[in-house]
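All values below were derived from every heavy atom in this structure, side-chain atoms included, with hydrogens, water molecules and symmetry-related copies excluded. Letters A, B, ... mirror the listed sequences (proteins, then strands); counts begin at 1.
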There are 2 protein chains.
Amino acid sequence: MKATTIYDVAKEAGVSIASVSNAINGKGKIGKKKRDEIFKVMERLQYKPSVIASALMGKKTYTLGLLIPDVSNPFFSEIARSVEDLAHQAGYSVITCSTDNKDERVEKYIRLLEQKSIDGIIIGTGVENTDMLMQLAGKSLPIVMFAREVSGLSVHSVLTDDFKGGTFAAGHLLALGHRQVAVLSENFKVSSSVERVKGFKFALFEAGAAIEEDYILSCESSIADGKRAAGELLRRDNRPTALFCCNDLLAIGALQAAREAGVAVPEELSVIGFDNTILSTVTTPALTTIAQPMEQMVKLVFELLIGNLGDRDSTKQRIVMQPELVQRESTARPPKEVTQKVK
Amino acid sequence: MKATTIYDVAKEAGVSIASVSNAINGKGKIGKKKRDEIFKVMERLQYKPSVIASALMGKKTYTLGLLIPDVSNPFFSEIARSVEDLAHQAGYSVITCSTDNKDERVEKYIRLLEQKSIDGIIIGTGVENTDMLMQLAGKSLPIVMFAREVSGLSVHSVLTDDFKGGTFAAGHLLALGHRQVAVLSENFKVSSSVERVKGFKFALFEAGAAIEEDYILSCESSIADGKRAAGELLRRDNRPTALFCCNDLLAIGALQAAREAGVAVPEELSVIGFDNTILSTVTTPALTTIAQPMEQMVKLVFELLIGNLGDRDSTKQRIVMQPELVQRESTARPPKEVTQKVK
DNA sequence: CTGAAAGCGCTTACAG
DNA sequence: CTGAAAGCGCTTACAG
């Protein structure tokens with residue numbers, strides 16, 4: 001049972017395939033009668049043009065690639081949904097690619113996407129080996145970076161001001177009276193985390209409460225790893241009174257470690273996350289966190305990718321959005337007398 | 001800067017395009033020397049065959065469609081990840097489509113996917129208007145239903161035994177001593193929920209603790225809606241001592257409603273969910289829930305879709321997997337004297 | 001073993 | 001306004 005082709009409708013309507021094609025694409029001039037007849041036949045035959053064939057003729061595939069670390073991570077699944085919705089509205093489908101922040105996966109996926117002649121690619125994952133991206137950027141395939149940055153890469157990007165997000169977290173903790181703080185950072189490959197930590201440290205330093213380097217722990221981005229790292233911190237003699245976590249997953253791990261260690265949050269330990277995912281609304285206590293304006297960011301990504309914002313391809317846009325502190329229940333004033341746990 | 005085509009490598013290697021094609025696909029017989037030379041040229045020119053062109057010749061597009069209600073819902077985002085990984089291993093990409101359980105979206109997406117000549121489609125979303133699916137099933141496009149069923153549709157399916165899942169939930173609550181229970185169900189369109197409720201009711205009935213119909217509330221699948229419905233239930237004079245929720249989202253809503261109403265979980269109210277998503281590990285108390293063997297299910301879906309399990313297309317497989325009770329902290333014995341809240 | 005040629009389902013100049 | 005024809009980048013018989 002072969003699908004009906006343009007030939008079938010042309011024959012059925014008694015016209016040439018060129019006319020059918022023109023009718024569909026609104027090109028050329030076609031007599032109204034002929035056009036109506038053609039549409040009627042298409043309807044009757046349930047004709048659906050093959051995007052494969054038209055893509056081969058140099059038209060679009062109406063498919064976009066989305067590279068993120070992991071769709072099953074709520075932060076990224078929320079992004080994936082926004083991207084999908086906007087894409088769908090514009091007639092595009094999106095191929096989601098979870099990279100686990102591994103370069104080999106990034107490479108493999110990009111190669112795959114290229115072979116499929118996609119129309120554009122959104123990169124929201126960390127990449128170490130930038131050569132491949134450089135090369136990609138040199139081709140005609142539109143790229144936009146989302147919430148990540150690769151220095152020296154000439155592409156559009158829409159970012160959150162992660163540095164400022166870090167200062168917001170620090171400011172909040174400082175205002176509450178904390179002076180003994182620690183941070184759980186993501187892997188150094190993740191440029192956004194690096195910025196967040198920088199901002200955090202900077203604000204602390206400015207306030208004369210500079211953080212010691214060994215109170216900055218690097219983790220993989222998972223609840224389990226956050227728990228492990230936070231547990232380590234809580235066992236130290238000089239326990240911090242507040243913890244800044246570079247994403248909500250890590251913060252939740254911290255919450256769990258605190259519970260296990262019998263440390264009350266927020267009374268004995270304040271915890272602040274980043275991203276404002278659904279997870280942060282679900283924990284007890286609910287998580288204070290830094291929000292990124294995701295919806296707007298995704299919208300801008302589209303403007304850049306398939307809209308006219310990205311048209312003048314001479315200058316690459318770099319759009320930076322403002323983060324926001326979302327105060328919930330996991331942060332409070334530090335305990336009156338800081339517990340100096342002695343072994 | 002046009003991409004390099006098969007002609008470029010043929011010319012460069014001094015052979016015909018047919019030989020290049022054969023070399024790539026391991027077809028026909030090619031002299032070892034020629035073959036090596038061809039590969040060397042492909043490498044040098046960075047030649048990547050166009051899947052568009054080969055798809056037009058009737059070969060696969062190596063693209064799969066995945067229809068689910070919502071990627072940003074953790075249950076489905078976890079599925080999406082498993083699907084992606086298995087697909088990736090087999091050289092496929094997947095286009096994720098969030099339907100919100102709306103038929104119009106289902107139709108639009110399916111049409112889109114058909115035009116893109118995808119190789120197969122996984123349907124994990126509720127569908128009311130089955131005509132369209134019937135028609136789809138009549139075509140050559142492989143389909144497999146995942147965790148959802150449409151009666152009368154002749155396609156492969158891999159399911160959890162939702163009815164049994166419901167009885168597990170009931171059995172657990174019964175064993176704990178609960179007799180006054182209620183349920184938060186999803187929309188009736190969701191066949192799996194219907195089965196879960198049926199099983200739950202059945203087990204209760206068997207135990208002589210039949211549930212009253214007005215203690216079964218239907219909700220949209222969101223935390224907010226679960227909270228609303230649970231709140232309603234908790235305000236009743238005859239408050240239930242246990243709540244079975246058809247998915248974790250609803251259960252979390254129930255947890256939140258209980259907290260707001262000052263009802264302690266699990267001391268005064270037991271709550272049990274379904275799906276065992278990451279969310280259930282993150283709440284306080286952690287959620288007792290019913291788990292589906294998702295990884296295995298996704299594996300089977302692939303066997304059916306692109307493996308040999310689905311080959312003999314005469315008989316459609318219907319594979320039913322066993323659910324499992326995951327006991328955590330949100331369920332316990334009912335309070336000694338059941339509170340009879342009088343207005 | 002190897003290559004010339006037809007064809008997949010479209011789009012696009014180009015004549016009429 | 002309309003249609004014949006070439007071509008997109010491949011694959012596949014079919015001769016040699």
Side-chain angles (χ1 to χ4, degrees), chain A residues 1-39 41-42 45-63 112 114-119 139-140, chain B residues 1-39 41-42 45-63 91 112 114-119 139-141:
Chain A
M1 177 173 18
K2 304 221 22 72
T4 74
T5 73
I6 200 172
Y7 289 95
D8 301 320
V9 352
K11 185 190 292 176
E12 190 70 13
V15 299
S16 73
I17 59 166
S19 292
V20 177
S21 178
N22 284 331
I24 294 170
N25 299 302
K27 289 265 192 84
K29 297 297 164 197
I30 303 182
K32 181 164 170 17
K33 265 180 81 171
K34 257 202 161 75
R35 145 174 282 114
D36 288 349
E37 172 64 12
I38 289 173
F39 277 112
V41 173
M42 292 200 298
L45 267 43
Q46 292 202 55
Y47 169 65
K48 302 188 204 67
S50 155
V51 343
I52 294 294
S54 81
L56 190 53
M57 279 305 297
K59 306 214 85 172
K60 297 191 185 186
T61 52
Y62 287 96
T63 306
L112 215 63
E114 273 193 284
Q115 291 193 220
K116 295 195 175 170
S117 311
I118 60 169
D119 299 329
K139 302 182 183 173
S140 56
Chain B
M1 174 175 19
K2 303 223 23 73
T4 76
T5 73
I6 200 172
Y7 288 96
D8 300 321
V9 352
K11 185 190 292 177
E12 190 71 12
V15 298
S16 73
I17 59 166
S19 293
V20 178
S21 179
N22 285 332
I24 294 171
N25 300 301
K27 289 265 191 82
K29 299 295 165 201
I30 303 183
K32 179 163 170 20
K33 264 181 79 171
K34 256 200 162 72
R35 145 175 282 114
D36 288 349
E37 171 64 12
I38 288 172
F39 277 112
V41 174
M42 290 200 299
L45 268 44
Q46 291 203 54
Y47 170 65
K48 301 185 203 69
S50 155
V51 342
I52 294 294
S54 82
L56 191 54
M57 279 306 296
K59 306 214 85 171
K60 297 191 187 185
T61 52
Y62 287 96
T63 306
L112 215 62
E114 273 193 283
Q115 291 193 219
K116 294 193 177 172
S117 311
I118 60 168
D119 298 330
K139 303 183 183 172
S140 54
L141 180 65

B:Lys32: what forms a side chain to side chain donor-acceptor pair (under 3.5 Å) with it, not counting sequence neighbours? B:Asp36

Please tabulate, one pair per line, each protein N/O and nucleotide N/O from nucleotides 10-12 of chain C that are separated by under 3.5 Å, including the distance.
| residue | atom | partner | partner atom | Å |
| --- | --- | --- | --- | --- |
| C:dC10 | OP1 | A:Tyr47 | OH | 2.9 |
| C:dC10 | OP1 | A:Ser50 | N | 3.4 |
| C:dC10 | OP2 | A:Ile6 | N | 2.7 |
| C:dC10 | OP2 | A:Tyr47 | OH | 3.4 |
| C:dC10 | O5' | A:Tyr47 | OH | 3.3 |
| C:dC10 | N4 | A:Tyr7 | OH | 3.2 |
| C:dT11 | OP1 | A:Asn25 | ND2 | 3.3 |
| C:dT11 | OP2 | A:Ser21 | OG | 2.5 |
| C:dT12 | OP2 | A:Lys27 | NZ | 2.7 |

It should be established whether A:Lys34 places a side-chain nitrogen or oxygen under 4.0 Å from OP1 or OP2 of nucleotide D:dT2. yes

Under the side chain to side chain donor-acceptor pair (under 3.5 Å) rule, collect the residues that match up with A:Lys59, sequence neighbours excluded. none

From the set D:dT2, C:dG9, C:dG3, return the single nucleotide nearest to any side-chain atom of B:Leu56. C:dG9

Atom-to-atom span, CG of A:Asp8 to P of C:dG9 - whole angstrom: 9 Å

Could you state the atom-to-atom distance from NZ of B:Lys33 to P of C:dT2 in whole Å? 11 Å

List the residues meeting side-chain contact (heavy atoms from CB on, under 4.5 Å) with B:Lys11, not counting sequence neighbours, and say none if there are none. none

Could you check how far CD1 of B:Ile38 sits from C1' of C:dG3, rounded to whole Å? 12 Å

Does the side chain of A:Ser19 get closer than 4.0 angstrom to OP1 or OP2 of D:dT2 through an N or O atom? no

Go through the structure and list residues passing side-chain contact (heavy atoms from CB on, under 4.5 Å) with A:Ile17, not counting sequence neighbours. A:Ile6, A:Tyr7, A:Ala10

In whole angstrom, what separates B:Glu37's CD from C:dT2's P? 12 Å

Using the test side-chain contact (heavy atoms from CB on, under 4.5 Å), find all partners of B:Thr63 that sit at least two apart in sequence or belong to another chain. A:Lys116, B:Thr61, B:Ile95, B:Ile118

Heavy-atom side-chain proximity of A:Ile24 to A:Met42 below 4.5 angstrom: yes

Among residues at least two apart in sequence or on other chains, which ones pass side-chain contact (heavy atoms from CB on, under 4.5 Å) with B:Leu56? A:Ile52, A:Ala53, A:Leu56

Dot-bracket for DNA chain C, 5' to 3', with Watson-Crick and G-U pairs under 3.5 Å, [ ] for crossing pairs and | for other-strand pairs: what is it? |||.||||||||.|||

Pairs flagged by salt bridge (charged side-chain N to carboxylate O under 4.0 Å, His left out) wherever residues 46-57 of chain B is involved - sequence neighbours left out: A:Glu114-B:Lys48

